[in-house]
Amino acid sequence: MSTELTIGFLPLVDACLPILAHEHGFAEEAGVSLRLVKDMSWATVLDRLLYGHSDAAHLVAPLAIAATLGRGRPAQPLSVPFVLGLNGNAITLRPELARQVRPEGGMGTPAEVGAALKTIAQERSKAGRPLTFGVVHRYSSHNYMLRYWLAACGIRPDHDVDISTVPPPFCADALKQGEVDGICVGEPWNSVAVEQGAGEIVLSTAQIWRRGVEKVLALRESVLEEKREGVERLIRALCKAGGHFVDPANWERNAEILARPEYLDGSAELIRRAISDQLLIAQEGPLVHYPDFMFQHREAANFPWVSQAEWLYTQMVRWDGTPFDAEECRKAARVFRPDVYRSALLGTGAPLPGASSKVEGSLASTTVVGTQQGSMTLEKNIFFDGMVFDPNDIEGYISRLP
């Protein structure tokens, strides 16, 4: 018997796995019938999920934790049994600003770009005209990655610069109309800004944290328990879609599918560039290879590491200005459900890590790790500033943040 699931999503390249699971028949083969519903803002995607208009959602990871903890609205527990991808975002600035902070002829390091931006940000702040950045939601990885980078470079978010919310499909427009000086958004919206001459890409978030958690599959906890068997079948279908997505032989076809009006309603060429980690950073410039710009499949990319949920909680505490609360942290950690992921894939041959938590930012080279099933090698997962997040010392980590 087929399980019917409605999934909400935004028009972003990293909504690819549910879309491709549906379009290529992986979901149907697994016994799942998908109905995909496109929205224009994360707030609407979350509303649809919380009020029962969808069963699951393509969602920014911190928002699943914020909803569970009752940040900004009544608490409603959500569960994340599957990560839809890591990284995939970029920071794009107005062209004249980008040229002042980015090394000529290519991409710079986060430290190089940050040092140049610090001088400009402080001058603008003193003049009463602070730089303004647009992020897609207060509780988004975009907001946290941008703030993490700025703070590590000596730029104080909310003091030296302003940060406001702009839904992803309108980020390029906000930049073009001068409402913001920079955006942190997922593809294809950075590339749209570049094509329009409204902005130039200066960094990818993969340069800030090389394996940063990004979008997730989120469900209300009650729906996960009610439809557990169907959700596990969906996880298996999404894993197949991930393998198909990362195969270069399929890039062109998948870009064409994602570009359709019912999905991203955009340029297949821009989408294909993102899929292949090739971005045009400035009009008339060359394509630049951003290694692992999008990360959708290998190295347990889809595994809901509890340590990543805990890291997101540290940033929530940091930027909401609230004290660390051990019980809140436990609730945040429980949002990510590696137990469901393991149950879905046990016996399939898919690699399963031996642990459900790890020290984030600790790998500077390729490392073979222990597994429950199959074999697994993890590549470096460093933060650009060299900090390491040990989930056994969460309060200590928070105290060391600048």
Test: R102 and E200 ion pair at under 4.0 Å:
yes
Does any N or O in the side chain of D247 come within less than 3.5 Å of the main-chain N or O of A249, such that one atom is a donor and the other an acceptor?
yes
Report the C-alpha separation of N392 and Y397 in whole Å, then their side-chain angles, then the decisive distance to 0.1 Å, and conclude whether the side-chain hydrogen bond (donor to acceptor under 3.5 Å, both in side chains) test is met.
CA-CA 9 Å; N392 292 315; Y397 174 80; over 6 Å; no
Please answer whether the main-chain N or O of V359 pairs with a side-chain N or O of S307 as donor and acceptor at a distance below 3.5 Å.
no
Check whether any side-chain heavy atom of F324 sits under 4.5 Å from a side-chain heavy atom of S399, and report yes or no.
no
Tell me which pairs pass side-chain hydrogen bond (donor to acceptor under 3.5 Å, both in side chains) where either residue lies in residues 361-377, with sequence neighbours left out.
R342-Q372
So which heavy atom on L84 is nearest to which on P18, and how close?
CD2-CD, 4.0 Å
Could you walk me through whether E232 and R337 pass the salt bridge (Lys or Arg N to Asp or Glu O under 4.0 Å) test, one step at a time?
CA-CA 12 Å; E232 291 192 11; R337 296 290 302 274; over 6 Å; no
Hey, what's the ring geometry for H24 with F26, parallel, tilted or perpendicular (30° and 60° as the breaks)?
tilted
For the pair R73 (side chain) and A67 (backbone), establish whether a donor and an acceptor sit closer than 3.5 Å, ignoring hydrogens and angles.
no
For this output row, return yes or no: ring centroids of F383 and W311 closer than 6.0 angstrom.
yes
Going by an N to O cut-off under 4.0 Å, is there a salt bridge joining D181 and R124?
yes
Residue pair T92 / A193: nearest heavy atoms and the distance that separates them
CG2-CB, 4.4 Å
Side chains of residues 113-120: which donor-acceptor pairs under 3.5 Å do they make with residues two or more places apart or in other chains?
none

Would you confirm whether S357, through its side chain, and V306, through its main-chain N or O, come within 3.5 Å as a donor-acceptor pair?
no
Between atom OG of S191 and atom CD1 of I271, what is the distance when rounded to the nearest 0.5 Å?
10.0 Å
Check this for me: does any side-chain nitrogen of one of E23 and R260 sit under 4.0 Å from a carboxylate oxygen of the other?
yes
Around E229, counting heavy atoms of other residues, nucleotides and ligands shown, do more than 12 lie under 6.0 Å from its CD?
no
Which side-chain N or O atoms in residues 284-295 pair as donor and acceptor under 3.5 Å with protein atoms at least two apart or in another chain?
| residue | atom | partner | partner atom | Å |
| --- | --- | --- | --- | --- |
| D292 | OD1 | R298 | NH2 | 3.3 |
| D292 | OD2 | R210 | NH2 | 2.8 |
| D292 | OD2 | R211 | NH1 | 3.4 |
| D292 | OD2 | R211 | NH2 | 3.1 |

Look at atom NZ of K38 and say whether more than 12 heavy atoms of other residues, nucleotides or ligands are closer to it than 6.0 Å.
yes
With no hydrogens and no angle check, do the side chains of E214 and N89 hold a donor and an acceptor under 3.5 Å apart?
yes
Answer yes or no: are there more than 12 heavy-atom neighbours, outside E252 itself, under 6.0 Å from its atom CD?
no
Charged N to carboxylate O below 4.0 Å: is that the case for K126 and E123?
no
Measure the CG-CG distance between L217 and N302 for me, rounded to the nearest 0.5 Å.
10.5 Å
Do Q315 and Y148 have side-chain N/O donor and acceptor atoms under 3.5 Å apart?
no
Modelled atom types, side-chain donor and acceptor of T3 and R233, under 3.5 Å:
yes
Should D55 and R220 count as an ion pair when the cut-off is N to O under 4.0 Å?
no
So, S125 side chain and Q122 main chain: donor-acceptor pair closer than 3.5 Å or not?
no
E327 with R330: basic N within carboxylate O range, under 4.0 Å
yes
Checking H53 against D47: is there a side-chain donor and acceptor pair closer than 3.5 Å?
no
Using a strict cut-off of less than 4.0 Å between a Lys/Arg side-chain nitrogen and an Asp/Glu carboxylate oxygen, indicate whether D393 and R400 qualify as a salt bridge.
yes
Determine whether the aromatic ring centres of H142 and H137 lie less than 6.0 Å apart.
no
Do C184 and F133 have side chains that get closer than 4.5 Å, going by heavy atoms?
no
Distance check, rounded to the nearest 0.5 Å: R272 atom CZ versus I275 atom CD1?
8.0 Å
Using atom types as modelled and distance alone, determine if a side-chain donor or acceptor of W149 lies under 3.5 Å from a backbone N or O of P110.
yes
Backbone N/O of N381 and side chain of W209: donor-acceptor pair under 3.5 Å:
yes
The reported gap from CD1 in I382 to CD1 in I208 (rounded to nearest 0.5 angstrom) is 12.5 Å
Does any donor atom in the side chain of E28 or S33 lie under 3.5 Å from an acceptor atom in the other side chain?
no
Q207 side chain to S204 main-chain N or O, any donor-acceptor pair under 3.5 Å?
yes
Shortest non-hydrogen separation from V161 to A121 and the atoms involved
CG1-CB, 3.9 Å
Does a side-chain N-to-carboxylate-O contact under 4.0 Å join E226 and R228?
no
Quick one, E310 with T314, criterion side-chain hydrogen bond (donor to acceptor under 3.5 Å, both in side chains). Give me CA distance, side-chain angles, the key distance, then yes/no.
CA-CA 6 Å; E310 291 170 326; T314 69; over 6 Å; no
Of all heavy-atom pairs linking L238 and A21, the shortest is CD2-CB, 4.2 Å
Run the ring-centre check on W42 versus H58 and record whether the distance is less than 6.0 Å.
yes
All heavy atoms of P11 vs all of P188, minimum pair found to be O-CD, 4.0 Å
Residue K227 excluded, over 12 heavy atoms near NZ under 6.0 Å
yes
